[in-house]
Amino acid sequence: MLSLQFIREHPDVVRRSLADRQTPGPLDEILALDLRRRDLLSETERLRAEQNAAGKKIGAAKEPGERQRLIDAMKGVSARIDELAPELRKAEERLQALALEIPNIPDPGTRVGESEADNVVRMQSGEETRDDWRKPHWELGEALGIIDFERGVKLSGSRFYLLRGAGARMQRALIAFMLALHIDKHGYTEVYPPALVKEETMWHSGQLPKFRDNLYHDAEEDYWLVPTAEVPLTNMHGGEILPGGALPLHYVAYTPCFRREKMSAGRDVRGIKRGHQFDKVEMYTFCAPECSADELEAMLDDAIDVCRALGLSYRVVEICTGDLGFNAARTYDVEVWSPGVGEWLEVSSVSNCTDFQARRANIRFRREAGARPEFVHTLNGSGLALPRTMIAVMENYQRPDGSVEVPEALLPYMGGIGVITP
RNA sequence: GGAGGGGUCGCAUAGUGGCCUAGUGCGGCGGUCUUGAAAACCGCUAAGUCCUUCGGGGCUUCGUGGGUUCGAAUCCCACCCCCUCCGCCA
């Protein structure tokens with residue numbers, strides 16, 4: 001979230017941000033309510049100060065008549081506070097709720113644009129290969145017996161599938177390979193976080209209130225299923241004041257992700273591109289504000305490195321203001337070419353959330369002993385999403401005879417399988 | 001799920017309605033002393049927020065939320081978390 005102080009002092013910046021993002025936001029209501037809140041606050045605090053001062057006199061008063069007279073005098077003040085306090089609380093709660101609906105301010109470097117159509121390709125490596133003989137992964141997967149759509153549906157309904165044999169193994173190999181790359185080569189610390197979190201955690205990382213419709217929720221125990229490891233990783237240091245020397249912190253986590261995908265019903269129903277459950281390796285960075293721009297480039301390169309190692313054609317798309325996520329100030333998507341379905345697939349989204357999530361989750365650091373705490377900047381990026389990486393690997397490494405070669409980088413994790421055949 | 005114990009400043013503890021503006025010890029920071037260090041002694045030791053004439057001043061926070069009261073760390077209610085034992089269990 002943005003600080004109320006920032007909104008109050010820079011309403012023009014917020015208004016511009018909302019316009020650039022093509023999204024409405026309760027800015028005017030916030031400004032008006034903030035004025036009222038501060039009036040109420042001054043008044044109740046003045047009364048409380050009076051009450052505190054009188055309380056001391058009452059405590060010190062020995063003579064019963066004098067004491068009673070002082071107590072009676074304070075009853076009016078007390079009653080007035082009882083009137084104002086609930087009003088103040090209501091104003092604060094409402095203000096809080098409204099502030100949570102304002103998205104992050106786009107980075108000045110983020111290109112202004114209306115929608116996805118205005119995103120620009122920043123760089124591309126490799127070509128859009130097209131061969132008539134190449135099959136989409138769903139045909140390939142069924143023919144090889146490594147993706148079972150029917151049984152997935154039998155167990156759980158549409159948008160579920162199961163991997164078996166070399167398919168399951170290859171996904172596991174991809175996970176192990178990605179984790180090893182980020183840990184050993186890029187210097188991340190591995191984390192295995194809970195996939196079920198409490199509601200508060202979803203608010204802190206910005207999933208609630210906006211994406212409620214896309215989340216699974218266990219009503220019985222009030223647990224929420226994470227839609228991405230970004231959620232637990234953000235909250236890992238929630239409420240903490242980190243010593244300045246600890247930054248930057250780089251974490252990588254493999255988790256399942258759960259999404260209801262209600263809003264996109266009917267889209268991408270074919271294959272394994274968009275399911276209710278999928279696996280993802282996620283990178284996450286906590287750093288000082290002045291470092292986040294460089295950290296974003298570094299994380300982008302770490303995501304790309306996975307594509308390079310797998311020998312995939314990839315491109316980097318710079319997201320414009322109209323397509324920018326709620327939490328992000330700046331985002332790059334990494335897409336890989338899928339010759340079977342003939343499209344670029346988003347396998348990673350790398351974002352600088354600046355201090356937006358840090359403020360929600362109250363994550364701060366101290367530059368040096370005794371210095372005022374400041375909010376950290378947070379960055380997250382997929383490294384990478386598994387199903388789409390699987391698609392790209394299968395479709396790129398398929399051979400005219402219908403078999404799929406295992407990329408060299410995965411061989412150490414495949415237990416001797418070099419080619420997947422029916 | 002059951003029984004019991006507990007949650008107070010970075011850590012450890014004290015505090016059973018007003019002298020709590022939360023004490024004490026440890027740790028940390030600064031200083032005195034010292035060639036240097038230790039010891040001893042002295043001082044400091046949180047966060048948030050509002051107002052400000054920029055000197056400061058106020059308010060909130062003792063697990064969380066309500067309640068009683070002129071006044072709550074302290075009394076009442078609900079909830080959360082931790083520890084010990086029992087049950088169950090991958």
Side-chain angles (χ1 to χ4, degrees), chain A residues 1-11 30-100 192-204 208 217-224 232 235-246 256 355-376:
Chain A
M1 70 188 298
L2 306 176
S3 76
L4 282 177
Q5 192 187 347
F6 180 86
I7 297 174
R8 185 193 310 143
E9 289 170 4
H10 307 280
I30 286 175
L31 292 171
L33 198 56
D34 182 53
L35 268 173
R36 169 158 171 71
R37 168 186 148 259
R38 282 182 296 149
D39 280 349
L40 286 166
L41 188 64
S42 295
E43 178 67 1
T44 40
E45 288 189 348
R46 193 187 60 71
L47 290 168
R48 285 222 171 94
E50 196 181 323
Q51 190 178 56
N52 288 341
K56 277 184 196 119
K57 278 197 211 153
I58 293 170
K62 294 272 161 27
E63 200 267 309
E66 168 71 0
R67 190 188 173 89
Q68 193 55 49
R69 197 185 59 71
L70 286 166
I71 289 174
D72 291 342
M74 285 319 291
K75 285 188 175 162
V77 172
S78 185
R80 180 75 183 130
I81 290 176
D82 284 346
E83 270 172 40
L84 291 177
E87 262 190 86
L88 176 62
R89 209 184 58 194
K90 251 173 58 191
E92 279 176 341
E93 280 170 3
R94 174 88 182 126
L95 203 50
Q96 184 71 13
L98 291 172
L100 287 170
Y192 173 78
L196 270 67
V197 299
K198 33 187 185 176
E199 179 176 330
E200 182 188 76
T201 304
M202 288 292 184
W203 285 90
H204 288 168
L208 286 174
H217 174 220
D218 165 31
E220 202 74 32
E221 303 287 349
D222 200 22
Y223 285 128
W224 295 70
N235 285 276
M236 217 172 117
H237 291 298
E240 297 181 16
I241 300 175
L242 300 160
D355 61 357
F356 190 80
Q357 285 179 322
R359 186 170 280 110
R360 285 172 92 110
N362 198 21
I363 309 162
R364 292 169 294 173
F365 78 108
R366 230 189 273 279
R367 285 181 192 276
E368 54 212 55
R372 267 182 88 79
E374 298 171 57
F375 288 107
V376 300

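In the text below, chain A, chain B and the rest are named by the order of the sequence lines, each starting its count at 1.
Formation of a donor-acceptor pair under 3.5 Å by the A/Ser78 side chain with backbone atoms of A/Met74 is not found in this model.
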- Go through the steps for A/Arg37 and A/Leu33 under the test side-chain contact (heavy atoms from CB on, under 4.5 Å), then give the verdict. CA-CA 6 Å; A/Arg37 168 186 148 259; A/Leu33 198 56; 5.6 Å; no
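Both distances falling under 3.5 Å, in either a Watson-Crick or a G-U wobble arrangement, place B/C79 opposite B/G63. In this entry B/C41 has B/G31 as its Watson-Crick or G-U wobble partner, both defining distances falling under 3.5 Å. The base-pairing partner of B/A12, taking Watson-Crick or G-U wobble contacts with both distances under 3.5 Å, is B/U24. When Watson-Crick and G-U wobble pairs are counted only if both distances are under 3.5 Å, B/U84 pairs with B/A3.
For the pair A/Glu199 and A/His217, the minimum side-chain heavy-atom distance is 4.5 Å or more. Between A/Ile58 and A/Arg67, some side-chain heavy-atom pair lies under the 4.5 Å cut-off.
Distance noted for atom P between B/A22 and B/U61: 12 Å (whole Å). To the nearest whole angstrom, the two P atoms, one in B/C80 and one in B/G10, are 26 Å apart.
Shown here is A/Arg366, whose CZ atom has more than 12 heavy atoms of other residues, nucleotides or ligands within 6.0 Å.
The one candidate from A/Arg360, A/Arg364, A/Arg359 that meets the side-chain contact (heavy atoms from CB on, under 4.5 Å) condition with A/Asn362 is A/Arg364.
Residue contacts shown for A/Arg69 are absent, as no nucleic acid heavy atom lies under 4.0 Å away. Across all strands shown, A/Asn52 has heavy atoms under 4.0 Å from sugar-phosphate atoms exclusively, and none from any base. Within 4.0 Å (heavy atoms only), A/Ile58 reaches at least one base atom of the nucleic acid. At the heavy-atom level, A/Ala49 lies under 4.0 Å from the strands shown only through sugar-phosphate atoms.
Nucleotides of RNA chain B nearest to A/Pro373 and A/Arg46 differ in position, and the one nearer the 5' end is that of A/Pro373. In this structure, A/Lys75 and A/Arg8 both approach RNA chain B, and ranking their closest nucleotides by distance from the 5' end singles out A/Arg8.
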Can you give each donor-acceptor pair under 3.5 Å made by side-chain atoms of residues 83-93 of chain A, sequence neighbours left out, with the distance rounded to 0.1 Å?
from: A/Glu83; atom 1: OE1; to: A/Arg80; atom 2: NH1; distance (Å): 2.8
from: A/Glu87; atom 1: OE1; to: A/Arg36; atom 2: NH2; distance (Å): 2.2

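Here the range on RNA chain B touched by chain A, meaning any atom under 4.0 Å from one of its heavy atoms, is B/G18 to B/G71.
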